[in-house]
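The structure under discussion appears below in the form of structure tokens.
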Amino acid sequence: MAAMDVVGSNETPVKVEGKRLAILVCWILGFGSLVSWNSMLTIGDYYYALFPDYHPSRVLTLVYQPFALGTMAILAYNESRVDTRKRNIAGYILFFLCTLALILVDLASSGKGGVGNYIAICVFVAGFGVADAHVQGGMVGDLAFMEPEFIQSFFAGLAASGVLTSGLRLMTKGVFDKSSNGLRKGTMLFLAISTFFEFLCILLYAFVFAKLPIVKHYRTKAAREGSKTVASDLAAAGIHTETNGTAGIDAKLPTRLSNKELLFKNIDYALDLFLIYVLTLSIFPGFLYENTGKHQLGSWYPLVLIAMYNVWDLIGRYIPLIKSIKIESRKGLMIAILSRFLFIPAFYFTAKYGDQGWMIMLISLLGLTNGYLTVCVMTVAPKGYTGPEANALGNILVVFLLGGIFAGVALDWLWLIGNGSF
């Protein structure tokens, strides 16, 4: 389709075909940006078998997050000068290489433990953190000035990766549990599937997404508003911008709010995301592996809990599509998010006195509220901003999201105090 189909002086697109395909591609790109890390979480029992004294679920999460947060902070600070296309493709390539490297490390060591292998795994997990910062911030910033359904679909894909990996983990445990090296066979299957999806995301972003008419329209509109981050993606779609980055429009650009101004105007949304994830990650996944006791489900128990969290997290991310039950009030969002902190005493007393049914119900509610509130905040916050401002705000919000995850992972260690296993 010719570039003229989407370039116009007004803000109404001449042609916006491809919305449904764009939603699907966003879903797959979201899936790919978290499938590798979700695979690591889901195969935690394999790493507990190899490294029983090193708290792998907690340690690997704690390794991942500083690299994700640090890289994201740098990229967010410089977002207006970072080419979105190069950033996202670099992130997916890094995901692909690190996932492939985990397979090679396991094959080279024949599935043996040891400090050397553990350090190697930690290095590649740090690579996941760097890749996550590139992709999640880049994609959220890019989608923030497009249709709200795009960013919803991207976040639904993030959750869907958890559902798929949990489902496959339960299946592989059933198939391989009694066989020789069953855990290892399941792990290799997970990592191979993750590697495939990372490669697929590279192809989809590089050769499909940028050429969709509706995506070209929004990127062209962003370029007219002064965005320089979309130039390479527009060039890949056959639309060449002028040297001033304004897609042939005169050089008089709307005044853009600075990152500091955007943060102050949206500090409540930023804190919303921080609080959502500091609570969720202080419980999930480390608490589920090490603090839920012994139950009838035995070794299946933490896997079932993680699967239930992932399923309800995914369901929660689709609920905001029903406008009548979507929270858009800033005050309403903050009240709902603060009320989630009641989960902390609820999980403590359920782990101590309750049975597995109550714990499954609690973890399902944790997932449901996590997904629902995340999408509510992410789709409401960018409304009313120009393309460059929405891109910057998307990056800022991801910084706070990752900051919440990092703080939650650190606080997760507090559950170990007093149980003699630190």
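No experiment lies behind these values; they were computed from the predicted model shown. Basis for what follows: all heavy atoms, side chains included, without hydrogens, waters or symmetry-related copies. One-based numbering along the sequence shown.
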> Any donor and acceptor pair, going by atom type alone, linking the side chain of E225 with main-chain N or O of G387 inside 3.5 Å?
Replying inline: yes
> Does D132 use its side chain to pair, donor to acceptor, with the backbone of F128 at less than 3.5 Å?
Replying inline: no
> Got a donor-acceptor contact below 3.5 angstrom from the Y92 side chain to the L29 backbone?
Replying inline: yes
> Can K19 and E149 be counted as an ion pair, charged N to O under 4.0 angstrom?
Replying inline: yes
> Is there a donor-acceptor contact under 3.5 Å from the side chain of R317 to the main chain of L373?
Replying inline: no
> Under the side-chain contact (heavy atoms from CB on, under 4.5 Å) criterion, do F145 and K221 qualify, and how do the steps go?
Replying inline: CA-CA 9 Å; F145 57 77; K221 179 174 176 286; over 6 Å; no
> Say you draw a straight line from CG of L401 to OH of Y269; how long is it, rounded to the nearest 0.5 Å?
Replying inline: 16.0 Å
> Can a salt bridge be assigned to the pair K216 and D233 using a cut-off of 4.0 Å between side-chain N and carboxylate O?
Replying inline: no
> Is there a donor-acceptor pair closer than 3.5 Å between any side-chain N or O of R340 and the backbone N or O of I276?
Replying inline: yes
> So, S166 side chain and V163 main chain: donor-acceptor pair closer than 3.5 Å or not?
Replying inline: no
> How far apart are the closest heavy atoms of P382 and L393, and which atoms are they?
Replying inline: CA-CD2, 4.0 Å
> When rounded to the nearest 0.5 angstrom, what is the spacing between CG in L333 and NZ in K326?
Replying inline: 9.5 Å
> Where is the tightest heavy-atom contact between I327 and V380, given as atom of each residue plus distance?
Replying inline: O-CG2, 4.3 Å
> How far does CD of E79 sit from CD1 of I396, to the nearest 0.5 angstrom?
Replying inline: 7.5 Å
>> Let's go through F96 and F199 carefully: what are the C-alpha distance in whole Å and the side-chain angles of both, what is the deciding distance for ring-ring contact (aromatic ring centres under 6.0 Å, His included) to 0.1 Å, and is it a yes or a no?
In response: CA-CA 6 Å; F96 171 77; F199 186 69; 5.8 Å; yes
> Can you tell me how far CG of L402 sits from CG of L281, rounded to the nearest 0.5 angstrom?
Replying inline: 10.0 Å
>> For the backbone of L102 and the side chain of D106, can you confirm whether one donor and one acceptor N or O come within less than 3.5 Å of each other?
In response: no
> Can you list the steps and then say if K228 with D83 is a salt bridge (charged side-chain N to carboxylate O under 4.0 Å, His left out)?
Replying inline: CA-CA 8 Å; K228 297 179 181 179; D83 188 298; over 6 Å; no
> Should the pair K265-E389 be classified as a salt bridge under the 4.0 Å nitrogen-to-oxygen rule?
Replying inline: no
> How about F31 and F197: are their ring centres within less than 6.0 Å of each other?
Replying inline: yes
> Just how far is it from atom CG of L338 to atom CG of L271, taken to the nearest 0.5 Å?
Replying inline: 9.5 Å
> For G394 and V140, which heavy atoms make the closest approach, and how far apart are they?
Replying inline: O-CG1, 3.7 Å
>> Can a donor-acceptor pair be found, under 3.5 Å and without considering hydrogens, that links the side chain of T71 to the backbone of A68?
In response: no
> Quick one: CG on L191 to SG on C98, what's the gap to the nearest 0.5 Å?
Replying inline: 12.0 Å
> Taking all atoms of both residues into account, what is the closest heavy-atom pair of A192 and I103, and its distance?
Replying inline: N-CD1, 3.8 Å
>> Before you tell me yes or no, could you show the steps for Y277 and T374 under side-chain hydrogen bond (donor to acceptor under 3.5 Å, both in side chains), namely the whole-Å CA-CA distance, both residues' side-chain angles and the distance that decides it to 0.1 Å?
In response: CA-CA 9 Å; Y277 284 88; T374 297; 2.8 Å; yes
>> Please evaluate residues W37 and Y64 with respect to the criterion ring-ring contact (aromatic ring centres under 6.0 Å, His included), reporting the C-alpha separation (whole Å), side-chain torsions for both, the decisive distance (0.1 Å), and the verdict.
In response: CA-CA 9 Å; W37 178 238; Y64 177 93; 4.2 Å; yes
>> Give me the atom names and distance for the closest heavy-atom approach of V399 to L69.
In response: O-CD1, 3.5 Å
>> Treating R87 as the side-chain partner and H134 as the backbone partner, does any N or O pair qualify as donor plus acceptor under 3.5 Å?
In response: yes
> Is it true that a side-chain atom of N395 and a backbone atom of A76 form a donor plus acceptor pair closer than 3.5 Å?
Replying inline: no
